[in-house]
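Remarks on the structure that follows.
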Amino acid sequence: MATSASSKLNKAVKQQYMSLPQGDSVQAMYIWIDGTGEGLRCKTRTLDSDPKTIEDLPEWNFDGSSTFQSEGSNSDMFLIPVAMFRDPFRKDPNKLVLCEVLKYNQKPAETNLRLTCKKIMTMVDKSHPWFGMEQEYTILGTDGHPFGWPSNGFPGPQGPYYCGVGADKAYGRDVVEAHYKACLYAGVQICGTNAEVMPAQWEFQVGPCEGINMGDHLWIARFILHRVCEDFGVVASFDPKPIAGNWNGAGCHTNFSTKEMREDGGLKVIEESIERLAKRHMYHIRAYDPKGGLDNARRLTGRHETSNIDQFSAGVANRGASIRIPRAVGQDKKGYFEDRRPSANCDPYIVTEALVRSCLLKEEGDEPTDYSK
């Protein structure tokens, strides 16, 4: 399996420099979503002092013609800081800064889905919407071959790998452990991790996060994963079906609740929300992967613990349904539900926004309502 050349550099030499004092200066790594809606970009600037709030961070810019976001003749794009985390790679006092992207005319870039999401979350803040997202991913070599798989052929059939222990069952745990610790250091609300059904596939969970924080924390967790994999010389893939055939795909199951759902009698509210979701199935399918459902079509086949992309279904403890009500929620008559349709490469901003639009704002039809009019 191929690994990157940079991973083979002597890290002890690098550490000599990383441990040097930096005075009062702070390195702020600005992070944004590029024009693919999936890729992340970053660059660093020096600040004269330690920023305490988002307001202490200056706006910045970049060349959008090199990130699939503008033409070369008018390429400047603006970076607007929106969330700040500790930097687990350079360590304190350095920062990771998540940014929104605006075009030259100060309008949001096409893949800046955060702006609208935040407006929608503000409209329902009294309902205190909570989200938890289960991010599945696959560790690959730089040649695209799954980590630990035989160079010619396949590993043994699925079965022993899910939550497995042992060198013949868990492929790449070093990456997982490093990522977990780095997220905790950064302040990401990561709440767990486990090996998944396909060998070399893993999952981490982020949440519960309220409102816009869900998207912010998941995007930073993804960025940290990419950086950790870079150090190990491997690749983190969010492809929803990285290996064709009789292998599990990768999703981003999304758990959702409101204040009403979490209170006594909340199951009735959950059931009403599921009825509304059933009427907008294709709207959600289009929102749940960056290609409007084409990526999920490879994954949501009705096999390998998925529902069929063309049919809406719901059930208690049913992992083959579009919406799963956990058994404990059915017994307690309150809690949350799990939407199992979002793909691993989904944008969490539009996924959480779509759930709020359908369940709380009670929108109907195939298109989102425009509240700016």
Side-chain angles (χ1 to χ4, degrees), residues 33 36-39 110-114 116-117 120-121 129 131-138 196 203-207 209 211-212 214-219 221-222 237-242 248-257 273-315 318-325 336-361 363-369:
I33 302 162
T36 67
E38 300 179 59
E110 283 71 16
T111 53
N112 177 4
L113 304 182
R114 186 184 189 276
T116 303
C117 180
I120 294 298
M121 294 301 171
F131 303 92
M133 298 187 81
E134 305 171 21
Q135 177 69 71
E136 294 177 340
Y137 63 96
T138 309
E196 265 305 327
E203 173 184 298
F204 64 88
Q205 302 94 31
V206 174
C209 296
I212 198 67
M214 183 66 252
D216 292 350
H217 281 248
L218 188 64
W219 273 116
R222 286 174 173 176
S237 169
F238 297 109
D239 190 307
K241 190 71 175 180
N248 272 38
C252 193
H253 304 153
T254 301
N255 302 284
F256 175 58
S257 71
S273 293
I274 291 173
E275 288 178 15
R276 284 192 281 273
L277 291 172
K279 296 174 182 177
R280 299 191 94 196
H281 178 60
M282 294 315 297
Y283 160 69
H284 283 265
I285 288 297
R286 289 198 305 275
Y288 283 2
D289 78 52
K291 297 180 178 65
L294 293 178
D295 272 348
N296 248 340
R298 295 184 285 125
R299 167 180 160 260
L300 296 179
T301 61
R303 301 180 63 214
H304 306 110
E305 300 182 58
T306 70
S307 58
N308 188 295
I309 193 169
D310 297 317
Q311 300 170 340
F312 181 88
S313 57
N318 183 0
R319 294 182 183 276
S322 308
I323 304 294
R324 180 181 73 93
I325 299 176
Y336 67 96
F337 66 81
E338 177 191 44
D339 192 332
R340 296 179 60 81
R341 295 171 293 176
S343 66
N345 61 343
C346 70
D347 189 315
Y349 294 129
I350 196 170
V351 171
T352 55
E353 177 190 321
L355 284 166
V356 166
R357 284 178 178 273
S358 295
C359 298
L360 284 173
L361 298 178
E363 293 182 13
E364 298 179 351
D366 291 336
E367 297 297 331
T369 301

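Positions are given from 1, in the same order as the sequence printed here.
- F256 is linked by a ring pair (Phe, Tyr, Trp, His ring centres under 6.0 Å) to F131, F337, counting only residues two or more places apart in sequence or in another chain.
- With 3.5 Å as the limit, one finds no donor-acceptor pair spanning the side chains of D239 and S237.
- F238 places none of its side-chain heavy atoms less than 4.5 Å from the side chain of E38.
- When only modelled atom types and interatomic distance are considered, N248 and E136 share no side-chain donor-acceptor pair under 3.5 Å.
- Under the side chain to side chain donor-acceptor pair (under 3.5 Å) criterion, R299 pairs with N296, sequence neighbours left out.
- A salt bridge does not link R324 to E305: none of the charged nitrogens lies less than 4.0 Å from a carboxylate oxygen.
- Not counting sequence neighbours, the partners of D295 by the salt bridge (Lys or Arg N to Asp or Glu O under 4.0 Å) test are K291, R298.
- Under the rule for a side chain to side chain donor-acceptor pair (under 3.5 Å), T352 has no partner lying at least two apart in sequence or in another chain.
- Residues E134 and T254 are not in side-chain contact: their nearest non-hydrogen atoms beyond the backbone lie 4.5 Å or more apart.
- With sequence neighbours excluded, no residue satisfies salt bridge (Lys or Arg N to Asp or Glu O under 4.0 Å) with R303.
- A 4.5 Å side-chain heavy-atom check between C346 and V351 finds at least one atom pair inside the cut-off.
- Between the S313 side chain and the S322 main chain, a donor and an acceptor come within less than 3.5 Å of each other.
- Across every non-hydrogen atom of Q135 and A344, the tightest pair is NE2-O, 3.0 Å.
- Y283 is linked by a ring pair (Phe, Tyr, Trp, His ring centres under 6.0 Å) to nothing, counting only residues two or more places apart in sequence or in another chain.
- Between N112 and Y349, the closest side-chain pair of non-hydrogen atoms is not below 4.5 Å.
- Among residues two or more places apart in sequence or in another chain, the salt bridge (Lys or Arg N to Asp or Glu O under 4.0 Å) test is passed with E364 by none.
- Residues in residues 285-305 take part in these ring pair (Phe, Tyr, Trp, His ring centres under 6.0 Å) pairs, two or more places apart or across chains: H284-Y288.
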Problem - side chain to side chain donor-acceptor pair (under 3.5 Å) evaluation trace for S358 with R280 - result: CA-CA 8 Å; S358 295; R280 299 191 94 196; 3.1 Å; yes
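- The ring pair (Phe, Tyr, Trp, His ring centres under 6.0 Å) test applied to Y336 returns no partner, not counting sequence neighbours.
- Contact of the I325 side chain with the I274 side chain is registered, since non-hydrogen atoms from C-beta on lie closer than 4.5 Å.
- Residues meeting the side chain to side chain donor-acceptor pair (under 3.5 Å) test with E203, sequence neighbours left out: Q205.
- Partners of R357 under the side chain to side chain donor-acceptor pair (under 3.5 Å) rule, at least two apart in sequence or in another chain, are E353, E363.
- For residues 340-352, the set of pairs meeting the salt bridge (charged side-chain N to carboxylate O under 4.0 Å, His left out) definition, not counting sequence neighbours, comprises E338-R340, D339-R341.
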